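Below is one structure, written out as structure tokens; comments come after it.
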Amino acid sequence: VTEEQILGSLLQQLQLREVPALDQSDAEQLVTPAHVRAQYVALLQRSHGARSRGK
Amino acid sequence: RFSQNFREVAGRFLVSDASTRLLVLSMERRLPPNSELVQAVLRLFQEPVPEAALRRHERLSPRSDLARVTIEWLHVRADGSNRTSLIDSRLVSIHESGWKAFDVTEAVNFWQQLSRPQEPLLLQVSVQREHLGPLASSAHRLVRFASQGPWDGAQDEPQLELHTLDLRDFGAQGNCDPEAPVTEGTRCCRQEMYIDLQGMKWAEHWVLEPPGFLAYECVGTCQQPPQALTFKWPFLGPRQCIASETTSLPMIVGIKEGGRLRAQVVSLPNMRVQKCSCASDGSPVPRRLEP
């Protein structure tokens, strides 16, 4: 997995053409709500269990 | 019929009179554990057509001496319903007799996906007209295959050949030994590879989680089959060490909408290697069994 592949996949998933311009102040004011964190943890656990078809 | 607007169109049934036989093949302990199925060949013995029948056929329908033989995998579901999948089909001539080979690798793949080793492999063998239509000959009625007899081992009963590779020789090993360096001779394995997202400029202020992740990669080489086997399976390329199972990577990223910033979860497919295997270019990718 290369850096380009990760960035390409992320842009594709978010249907963005380029990296959004966010700065330090944006990041600092952003708080991750509990339900978003819970969704993230659930996906993480599932991805460790799930097996997808490789190449 | 009976419509004021449409002229009646009568149809005529074409008698399909395909003869269909069901082959029941026990598969218990046929496939060695820890092996990879490369090819499965069904061999059927086509019996010679008696001279008199041949002469009568030539007189009655000289157009064609061919018949179509079709092999289907029969899946009997738990609810008792049946489903068939086309596996192989070829033309045979009534002037030939002897062993005819059909590639039934996919049927054995389907059977393996059922994960019910004690259940037999069910193959439906149909002999049909060469093609549909009023001009098609009836040569198919003269095609006979020797069938499974009540006793085992009859010389001409159907044969199923299973060609496998022993994965203890031709397969991968699990995870690489972190203590041992990877060299030319290292057998295909999964090696830890950590991706530091915080070190990527574009991820700054945008990717909130994770800071990094273990992606793994497949390294090492695979043992190649001996010359004789590559000659037997010309459709197979060299065996390579590949990521045979991967999994997705969830992330939390910042999304700006209407001037407001919010956190969102996104999942990137095929980002982490779960399993490395040795596989040959050209080997068919098994169709997944639909529920």
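What you are looking at is a predicted structure, and each value in this text was computed from that prediction instead of being measured. Chain identifiers are assigned alphabetically (A, B, ...) following the order of the sequence lines, protein sequences preceding nucleic acid strands; residue numbering begins at 1 within each chain.
Heavy atoms from other residues, nucleotides or ligands lying under 6.0 Å from CD of Gln118(B) number more than 12. Within a 6.0 Å sphere centred on CZ of Arg168(B), heavy atoms belonging to other residues, nucleotides or ligands number 12 at most.
The two residues Ile6(A) and Met200(B) make their nearest non-hydrogen contact at CD1-CE, 4.2 Å. Listed here is the closest heavy atom pair of Gln13(A) and Pro269(B): NE2-CD, 3.5 Å. Between Pro250(B) and Tyr40(A), the closest heavy-atom pair is O-CE1, 3.4 Å. Residues Gln5(A) and Met271(B) approach most closely at O-CE, 4.0 Å, considering heavy atoms. Looking at every heavy atom in both residues, Ala21(A) comes nearest to Lys256(B) through O-NZ, 4.4 Å. Here the shortest heavy-atom pairing between Gln274(B) and Ser47(A) reads NE2-O, 4.4 Å.
Note that the CG atom of Leu7(A) and the NZ atom of Lys201(B) stand 13.5 Å from one another [nearest 0.5 Å]. The line from CE of Met251(B) to CG of Leu14(A) is 9.5 Å long, rounded to the nearest 0.5 Å. The CH2 atom of Trp202(B) sits 9.5 Å away from the CD atom of Glu4(A) when rounded to the nearest 0.5 Å. Atom CG of Leu30(A) and atom CH2 of Trp206(B) lie 13.5 Å apart (nearest 0.5 Å).
Residue contact with chain B, scored on non-hydrogen atoms closer than 4.5 Å, involves the side chain of Leu16(A) exclusively. Neither the backbone nor the side chain of Leu249(B) comes within less than 4.5 Å of any heavy atom of chain A. Heavy atoms of Val273(B) lying under 4.5 Å from chain A are absent altogether. Looking at Leu208(B), the atoms closer than 4.5 Å to chain A (heavy atoms on both sides) all sit in the side chain, from C-beta outward. Both the backbone and the side chain of Leu268(B) come within less than 4.5 Å of a heavy atom of chain A. The part of Arg272(B) that comes within reach of chain A is its side chain, from C-beta onward, which places non-hydrogen atoms under 4.5 angstrom from that chain.
Contacts of Asp177(B) classified as salt bridge (Lys or Arg N to Asp or Glu O under 4.0 Å), with partners at least two apart in sequence or in another chain: none.
Between the side chain of Thr32(A) and the backbone N or O of Ala263(B), no donor-acceptor pair lies under 3.5 Å.
Sorted by first then second residue, the salt bridge (charged side-chain N to carboxylate O under 4.0 Å, His left out) pairs that include residues 189-200 of chain B, not counting sequence neighbours, number zero.
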